[in-house]
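A, B, ... follow the sequence lines: proteins, then strands. Residue 1 opens every chain.
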Amino acid sequence: MAWRDSRRSRHRLFLFMSAIVLGIAALVAINSFSHNLARSIDDQARELLGSDLSLSASKPVSSTLLNKVGSERSTEISFASMVLFPRTGGVRLAQVKGLEGGFPYYGVWESEPANAPDLFRQGMTKGQRIALVDDALLIQFGAKPGDSVRVGNLSFLVVGRVLKTPGQSAVATTVAPTVFIPALLLPQTGLLQKGSRVSYRFHYRFPDTTNVERLVKRFEPVLDKQGINYDTVAERKRQTGRAFEDLGEFLNLVAFVALLLGCVGVASAVHLYAKEKIASVAILRCLGTSGWQAFLIYLIQTSLMGLFGAILGSALGSLVQLVLPDVFGSFLPVTVDTSLSWVAIGQGVGTGLLVAVLFALLPLLSIRTVSPLLTLRAGYDESADQSGRDPLRWGVYILILLFIFGFSFLQTMSWKTALGFTVGLLVAFGILTGMGQLLMWAVKRFFPVSWSFVWRQSLASLYRPNNQTLILIISIGLGAFLISTLYLTQNLLLSRVAFSANGGEGSVRPNMVLFDIQNEQKNGVLQLVKQHNLPVVQSVPVVTMRLADINGRSVEAIRQDTASKIPESALTREYRVTYRDSLIDSEKLMTGKAPSLQDGIPHISVEKDYFARLKLKLGDTLTFNVQGAPIQTIVSGTRQIDWNRVQTNFLVLFPAGVLEQAPQFHVLMTRVADNKQSAAFQRDLVRLYPNVSAIDLGLILKTVDELLDKVSFVIRFMALFCIFTGLLVLGSSVVISRYQRIKESVLLRTLGASRRQILNITAIEYLFLGVLAALSGILLSVFGSWALAYFVFESPFRPDVVPLLLIILIISVLTTLIGLLNSRDVVVRPPLEVLRAEG
Amino acid sequence: MSILRVDNLTKSYQSGGQTLTVLHSVSFALEAGDTFSIVGPSGSGKTTLLGLCAGLDRATSGSVYLNGVQLDNLSEDQRAAVRNQYVGFIFQNFQLLPTLTALENVMVPMELSGLGRQNGRSIEQTARELLERVGLGKRGHHYPTQLSGGEQQRVSLARAFANRPKILFADEPTGNLDTDTSATVVDLLFELNREAGTTLVLVTHDLDLAARTQRVIRIKGGHATGDTNTIARLSD
């Protein structure tokens, strides 16, 4: 019966289900991609690390220990330094890596020319001054292989452009582009001085028979004691996998939102379908069919169509995943081979069928209660809507909620996140539903009776029976919400950096930071700054130290105390501290007093949040290990720091008169007017003081922008699924309401309305819907972004209105076009049909 | 000049690869103010004939002249304009717009014609007077679902006369009404028709109703089997 009954409406039923196709496609695409990625990470695990074991430390490691661990090894010494391309005059802070040995042992450097790594290795052993440079850096300064690059006191010939380093993604090189030089020549650069922050890495290769994990376990106590970290292939695999699992989970949730949108569309379409079928159901009831049998007829129909939709979505998703490696390209440390993932396809089909049935159940339940009396008296009991009292309906609501929670839990494996997602989704749906209902109420309440017929007829369509206002405001609104939230958040982050870089009006905010200035270089650098007519906004000494004990209890003891709530990182980190007796304008005294020296004991000031994290109270004693010398202090005040300002901000502030003789370096802040001045100054700086590093905030801004662009592209790609689903829901709901529209339009044509009047009515109605749906979504997103700015970033929120208006315009035009396209045959039907339909 | 002239009207459809002719060479002419019925069994072609006369569909061959305008050569929009200017309609199922109140439904034809006023009165005023005339002066703000069948048909009557049409087409106007309500609606229809001097074309199964018109055409199997102007002969 289900099959026979569906004969005349199969194409329409399928149209309802097409709303879930894109959601399923997105899910299957992301899941297939995740599976393929996991497989590729497995296959290329060794290439991720480039070796079997990697040790890293922040100070040199004794060769005795290194030899004990293994014999075949490479050394990598890295630090940040200014590099200069003399031909183009380009200068910037880059990562310098001094290499020695055959690293990478697994995987290859992709370079231009392809043999550049071989040339580099050959030259490295002979002590030739040659370098490999990351592509991003060469592009930035218009340099090319054959040019020279100056690092410290030495110039190197660039023998190749590095396109990809094993285990490193393209994004990583955007953030910190690298210059590779022979480690042998590092001492001659003059950059390895006392106080320089240098990382040492040692890459090992072992015979295949070696159990690396067991080997590491054996050395673990020694490594730990010397502060040496280790990384094995298995560990790197876990880390890489986990990083992408997080991204995959997030994108899966976005895809899930698209699917849920589609489901709302399904529920709405099935609702109209069930209403149309009431007459048939009443006849079936008259002929002796039970309510449940009638219900099953239509449940089977919708389930079958849900299954078709899910299968189609899975097929589409399997195709979409082919382009995902390109979308994610710059984030991936491995090359992903795409192949069909049957697990993802199976999950997609199952999920699709389940959600289609769950959401179709809601409207279909009412079929059980259709009265056979309807065959005799049309309109019977239509007013008595008892659906709210149906306990099964509430059961379905609970099932849907459980499903959403369960799905998000399976994606994130965190019940808190799953609950947050479910509640967040409910709130977004709730607000958009509320907006839709408010709109319908407002149109009805303040109906513009004096407007022309065409306008009034369009507006009346917004709240007439079987209207599409709610469903479109929810689906298109949610799509607009996602797109505009992404846009606003990206701009929020950028404006935060830009605000720091540009500063407020009238103030001299620094936009360039010079650090690693040694004591003896301080005056020279100051002079150079003045020669370039640059202001010295701030110049502070910095002393590095570690925490030794809190109130006489050693850091080791606190770390071993499982009841201690002090975070590990606070106990083990390196503190960079300055000394002065007063607070500066970016600081505000919260409790106690400013730092002072009393009876030879330094009274220090701690940043207020950090003070809370260390569970301190005023009067507590902290002992610091200042490069071998213990200094006991008393905590006598807390400060609030404006972290948004480009300042050297310190968690711990010492008074003057204690640290002056301790080994220290200086940080100097200045403000450059433009790129030209910045480049000229940096060129002189790197020539005279090659070890001093300069950070140009303009460059940071550009880097952050590039990074956010890449991230938001990925997310926008997924948000498009939501938008397209919204448009599909729009299309299907227009088609389903076509019957009603034909009746109305034909009647109007019978009464003498022209084709233009009919089209105007449709266009205005959809324009209203599009504008209001987009506006609702954007309002919601402006509110969300404001909350984010206010509560999380604590920065001013000034959204740019023009792009938001553009989003509204695009969505409105699309909505109107779809409305008109789907309604086009309404105007070409001959008016006589209305008489026939009724006669 | 006849208000409606039909010459050799034929209408055929393609159905299942075959040509199905539902109306065969029907001809007649009506003078202004005539009342006229089209009667016949279900599926005989009555509604098809009415639709062609009102310019709702195109004939396969033959011509329709409405107030001297030949409809066959006009585009759909031009025919819509003719309908708006000269024609009023009453349907079996009332066909009121569910989203508009009774008053607004009556205003629709006047608004579609783009007229701000009619005979110095505002559209709304005219619509109110028409509703008064059909006895629904106090129900103007009600939506169709809030009205009974008889009331809806009376709103439909008011709407039909809104543009002061020259000819009124009524398709089974009492088909969905009970006997008492039918009588009231029919009386009102004839009264309004007489007052306005409109030509009335009525499609009906109801021979008693048909008997109230001056002329009757009988359709059977798409053929006009009789055109009579005497009520006595109708019942033969």
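Heavy atoms of B:Leu52 lying under 4.5 Å from chain A are absent altogether. B:Gln78 does not touch chain A: none of its heavy atoms, backbone or side chain, sits under 4.5 Å away. Of the two parts of B:Arg159, only the side chain, counted from C-beta on, holds a non-hydrogen atom closer than 4.5 Å to a non-hydrogen atom of chain A.
Of the inter-residue distances, the one linking A:Leu747 atom CG with B:Asn93 atom CG reads 11.5 Å to the nearest 0.5 angstrom. With values rounded to the nearest 0.5 angstrom, A:Arg456 atom CZ is found 7.0 Å from B:Leu100 atom CG. Distance check, rounded to the nearest 0.5 Å: CD1 of A:Ile758 to CG of B:Leu112 gives 8.0 Å.
Not one N or O on the side chain of B:Arg83 forms a donor-acceptor pair closer than 3.5 Å with the backbone of A:Gly752.
Minimum interatomic distance between B:Ala80 and A:Ala753 (heavy atoms only, all atoms of both residues): CB-O, 3.5 Å.
Contact check for A:Leu748 versus B:Leu97: side-chain heavy atoms found under the 4.5 Å cut-off. Side-chain contact between B:Leu56 and A:Arg749 is absent, with no heavy atoms from C-beta onward closer than 4.5 Å.
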